[in-house]
2 protein chains.
Amino acid sequence: MSQTAQKHDVFQAIADPTRREVLKLLAEKELPISEITSHFPMSRTAIAKHLKVLTDAELVSGRKQGREKIYRLHPEPLTELRRFYEQFWSNKLSVLKYVVENDKEK
Amino acid sequence: MSQTAQKHDVFQAIADPTRREVLKLLAEKELPISEITSHFPMSRTAIAKHLKVLTDAELVSGRKQGREKIYRLHPEPLTELRRFYEQFWSNKLSVLKYVVENDKEK
DNA sequence: AGTATATAAAACCATTTGGTTTCATGTCAA
DNA sequence: TTGACATGAAACCAAATGGTTTTATATACT
């Protein structure tokens, strides 16, 4: 269980639309599992599994409070998304090439 | 087979590390399938399937030229990635909240 | 014409994914 | 202490994913 365990990465974690929605919910405020579940047309167990994946990717963390488990967002890993995105769209030759070549076709 | 078919979306397309690498390759210049394949430890057929997924997500397109099929990058759909990212990290309350609350803990 | 090359298409396979149901456990409240 | 509530854990399942091998077809080269 090292710091680098990370069975699921960010890219995989956000591949599922339900998980993306969960992240949006948690961006507002932290929530217990049952609260989160109430926003989706599926079982609590299914949501719990999604939360497991998000936890693996270190995008959320849950703490037990009484009989509830409360999840909160950890947005940092999303910066990897940004880095990926910028390889293609930020001050990169590829973008220029793309734009130029597309202009030619018109 | 409408224009809106789009069986695979961008998030799903970039979930696989091989496909992310393919995109990086194509950011440099357009390439035929066999050329792309030579960069990976798997069969041409496997790469062709990855290219199919990327095509579904409209991240690449292929044109037949002689006996080769040449693929090129279409980076536009990646903006959806950016929009997603910015929901969490760009001038949003959630970020402020996150930072503030993290400060408190230290 | 015949051979090598580049891709396409299909069948197949193991593993992962995204869901379910069922049962067990811990906690709160009356 | 009894019952309701919130979660955990396990078994199960169908479909999707990521790969393979095999066979076919079109193009290029000599």
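Here is how names work: the chains are called A, B, and so on, in the same order as the sequence lines, proteins then strands, and each is numbered from 1. Hydrogens, waters and symmetry mates are skipped; everything else that's a heavy atom, side chains included, is used.
Nearer the 5' end of DNA chain D, as judged by each residue's closest nucleotide, is the contact made by A:Lys64, out of A:Lys49 and A:Lys64. Both B:Pro41 and A:Tyr71 sit near DNA chain D, but only A:Tyr71 has its closest nucleotide nearer the 5' end. A residue-by-residue look at B:Thr45 and A:Thr45 shows that B:Thr45 has its nearest nucleotide of DNA chain C further toward the 5' end. Between A:Asp16 and A:Arg67, it is A:Asp16 whose nearest contact on DNA chain C lies nearer the 5' terminus.
Following rounding to the nearest Å, B:Ile33 (CD1) and D:dT25 (C1') show an atom-to-atom distance of 15 Å. A:Lys69 places its NZ atom 9 Å from the C1' atom of D:dG8, with the value rounded to the nearest Å. C:dG18 atom P lies 13 Å from atom CG of A:Asp56, rounded to whole Å. In this structure, CE of B:Met42 is placed 7 Å from P of D:dT20, rounded to the nearest angstrom. The distance from atom NZ of B:Lys52 to atom C1' of D:dA16 is 13 Å, rounded to the nearest whole Å. Between the P atom of D:dA6 and the CD1 atom of A:Ile47 lies a distance of 16 Å, rounded to the nearest Å. Across the protein-nucleic acid pair, A:His8 atom NE2 and C:dT16 atom P stand 9 Å apart, rounded to whole Å. Residue B:Leu51 contributes atom CG, which lies 10 Å from atom P of C:dT7 at whole-angstrom precision.
Within a 6.0 Å radius of CZ in B:Arg82, no more than 12 heavy atoms belonging to other residues, nucleotides or ligands are found.
OP1 or OP2 of D:dG19 has at least one side-chain nitrogen or oxygen of B:His50 nearer than 4.0 Å. A sub-4.0 Å separation between OP1 or OP2 of C:dG18 and a side-chain N or O of A:Arg19 is present. An OP1 or OP2 oxygen of D:dT20 is reached within less than 4.0 angstrom by a side-chain nitrogen or oxygen of B:Ser43.
For the residue pair B:Ile33 and B:Arg44, the shortest heavy atom distance occurs at CG2-CG, 3.7 Å.
When heavy atoms are screened at a 4.0 angstrom cut-off, B:Ser34 is found touching the sugar-phosphate backbone but no base atom. Among the heavy atoms of the strands, none lies under 4.0 Å from B:Gln65.
Between B:Glu21 and B:Lys24 there is a salt bridge, with a side-chain nitrogen of the basic residue lying less than 4.0 Å from a carboxylate oxygen of the acidic one.
Two rings, from A:Phe84 and A:Phe11, have their centers less than 6.0 Å apart.
Considering only residues two or more places apart in sequence or on other chains, B:Ser61 meets the side chain to side chain donor-acceptor pair (under 3.5 Å) condition with B:His74.
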